[in-house]
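Following: one structure in structure tokens, then a few remarks.
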Amino acid sequence: MYAKVIVDVPAKQTNRAFDYSVPEALRDWVAVGSRVSVPFGPRKLQGFVVELDDRSVMDPAKVKPIAEILDLSPPLTPDLVQLAHWISQTYLCHEITALQAMIPGALKAKYERHVRVKDDSMGQERPMSGLSGNAVGQHSFLLPAQQEIIRYVAAKGSVEIEALLQRFNSEGKLIKELMAEGYLQEVQMVKDRMTAKKALTVFPPDDPEQLRAWAEQLPSRSAKQKEVLELLAERPVPVKLTDLLNELSISAGTVKSLVEKGWLELREVEVLRDPYSHRSFQRTVPLSLMPEQEQVFQRISRPVMDREHRVFLLHGVTGSGKTEVYLQSIQTCLDQGREAIVLVPEISLTPQMVERFKGRFGDQVAVMHSRLSHGERYDEWRKIMQKQVRVVIGARSAIFAPFTQIGLIIIDEEHESSYKQEESPKYHARDVAIARASQHDAVVVLGSATPSLESMYGTLPEYKAEAAAREDSSQARFRSEQLDLFGASTEAGHPAADNNSQARLTGRRVPFELLTMHNRVEGRPLPRVHIIDMREELRQGNRSMFSRDLYKAIEDRLHKKEQTVLLLNRRGYSTFVMCRTCGYVAECPHCDISLTYHQSSRAIRCHYCGYAERELTVCPSCSSEHIRHFGTGTQRVEEELTKLFPGIRVIRMDVDTTTEKGSHEKWLTLFRNRQADLLLGTQMVAKGLDFPHVTLVGAIAADTVLNLPDFRAAERTFQLLTQVAGRAGRHELPGEVYVQTYAPEHYSIISASRHDYQSFMEKEMTLRKFHEYPPFHRLILITLSHEQVPLLMRTAELLASRIKELAKELQPMPVEVLGPVASPISRIKDRYRFQCMIKYRGEASISRLVHQAVAGFEELERQQKLTISVDVDPQVLM
DNA sequence: AGCACGCCGACT
DNA sequence: GTCGGCGTGCTC
């Protein structure tokens, strides 16, 4: 038997499967998805089995055996292995990178290089194995220091090379000699970073009657020991030592003496850490649904029951009760004996959200988010592996939960940009979810109050027509796209092993079905939104950051003891620092960006690289003292608030106040308990929060996002305002929203103020189409960065022309290569940045072409420390 | 990624 | 004449 293995080296030349033989002893263990240790050149590497085969497809003389299997059961399912291949093709990354992203960090291989004394079975000349003083004595040609090293290593069995060099740090050369001459031998080990947590566990004997007999034997002064025996006789199951001690309030000594008598056994047993074990969750029952919810629920649950792959876009206004629909749909899925994945943006993975799911499904739920420790995350993942849970709620990467029977995947707040991973593999969880669902014939629900244009596009007749027209050719073409990107392998990918699994990724997309919920639960009205023209305020002589109306509103809430949420999408104190005499602006010496003043630390700092220096009192350029802080950040608003409203209790939430673990939660709890009057923050306060006493929401500068050089600026502004407006008046008290802006006539702001998604979407669609932007056209952004501009420019030009050249062969397909030009932020951390934009219409093979072009530069990247990053814009893939 | 093999400059 | 620079290629 032979296995195809992807090895743990993310490089162009190793981005293919290597063949290994499966030793007899491992035959029952090695499966598609197994993590193995394999010899690779002179060393050992971790790898993933992606295919099993009865005959070798390559030169049998070269094939080596798999050295070791690293897990008891494969950490990846066959469908995940196939999905990894799809991801590597779609998002242009090495296959190992995609595979690696699917398992918890705890299982990432750690390579340890150890040395040990060579046990030379035939080498009588060097009988070092049973190292006696005598044996060392025979080698009088070894220096005393060398003999000492050998003795040290022999005593320890094996020593990590780094540790040995540290211990004998002046003798590095001698160690090398010993290794070269074969006295010491290097051994490679592939190890996990994490081991399962163990707990001492007490094991009673098989026969509980025996315990009673022993209990009788005990003298009366051993009452505690007797208690233990009686308890175990009553309940003859293994019990954690700590639990036992707590339960009977006894000390470990009591148990120890029983163990010493040989009556009980104490062993270490793996346990799972449960980050939520200390919390009890109030069980909830399904609520009765509103007619609209009921209708949507029916639409979703029917295909779940019929095991049909469908994608629904659920557009539900804030407060329309989407979560209850999710919960009941999941129940339907579980009733089918299948599993469900729920993705939520990291930021809204708050205890409230977890509570709702735990409350409904109890310990059937695993939770995955970045605030968990390495070990906790590993344990949650193992719960899935061991089939202890059937629902996963988590951020982006939870889409890779190793379930085998997925029936439903829900993506809440589907428009959130955090579903796109910034590092390689730069996947978008929405697209991966649809791909994974198609493997399982599962249903996808994309939920949002402000669906992304991409997802909306999927519901349009235009998309359906395009998809239908493409159907035949795309099927055929996709199959050919499964070929190895680099042309290195002649075999067609690895069609993921077992052909009887339903897994088959065609890459073809079904049209999305739009579901709408217009009404809020219990018919609460949406809050009234006032747009405030800040230019008018200025004309009226108000130069403060608060309009008169917003000021009055805040004052009013303070009187009424109601709460306020203020949004400002900018942290720090001011945006930039300028000398009014000469116009000097403080800039980061490492990045092409101005420095932001931070009041608390009296420093100016760079939000890109963290560079900081002391605040300016004198202009470094002209020595003038007329330094002024321009623009407004959260810190400044906080300062202003305490000045204007003496005694006001403000909570400020931004990256600066929430880096500490658990601080996010802490602030929100404080606010919920009404220990503050006003919550001020960046976009993190806009999402998913639900506080009954908030009746006022203010956006201090609604157009900060609008002015960014991004074709999605209007969409993001609309989303942000809609989200933040949804924070007000969610309960009995009616809400009110103030939006301050310098662009009051902008359609994104007007539509948001009218809660009118439809008209915003239509307008934006028209504009996107006209300007040839997504979702009508697709974009791939290639960013190159390097310390030196000339090399950077040369390479960028070369890459652009290479892409053009390759694109020519695809004529008459319209592919535009824009650039190269300097990136909007032309330097970050001392590295200059250039970019190239590829624009084209629905043709998935372009990404492959770009990858091909980029792959040609990998050598250069390695040698010159040049980086090329490729971002496939989130898109509706067909 | 590592590591070996291989072809051209300053040195015992 | 050699030691050593890192350019090119391979790893089942």
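Values below: all heavy atoms of this structure, side chains included; hydrogens, waters and symmetry mates excluded. Per chain, numbering begins at 1; letters A, B, ... match sequence-line order. Nothing here was measured: the structure is a model prediction, and the numbers come from that model.
- Using a 4.0 Å cut-off between a side-chain N of Lys or Arg and a carboxylate O of Asp or Glu, A:E24 and A:R27 qualify as a salt bridge.
- In the 5' to 3' direction, nucleotides of DNA chain B lying under 4.0 Å from heavy atoms of chain A begin and end at B:dA1 to B:dC3.
- With sequence neighbours excluded, no residue forms a ring pair (Phe, Tyr, Trp, His ring centres under 6.0 Å) with A:F403.
- Between A:Y419 and A:H428, the ring planes are tilted. Angles from 30° to 60° get that label.
- Applying the salt bridge (Lys or Arg N to Asp or Glu O under 4.0 Å) rule to A:E422 yields no partners; only residues at least two apart in sequence or on another chain are considered.
- Between the side chain of A:D79 and the backbone N or O of A:T404, no donor-acceptor pair lies under 3.5 Å.
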Every protein N/O within reach of nucleotides 9-11 of chain C N/O, cut-off under 3.5 Å:
residue	atom	partner	partner atom	Å
C:dC10	N4	A:Q13	OE1	3.2
C:dT11	OP1	A:K62	NZ	3.0
C:dT11	O3'	A:G41	N	3.0

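- With sequence neighbours excluded, the residues forming a salt bridge (Lys or Arg N to Asp or Glu O under 4.0 Å) with A:E805 are A:R802, listed by chain and number.
- The side-chain contact (heavy atoms from CB on, under 4.5 Å) test applied to A:P39 returns A:Y20, A:K64, A:A67, not counting sequence neighbours.
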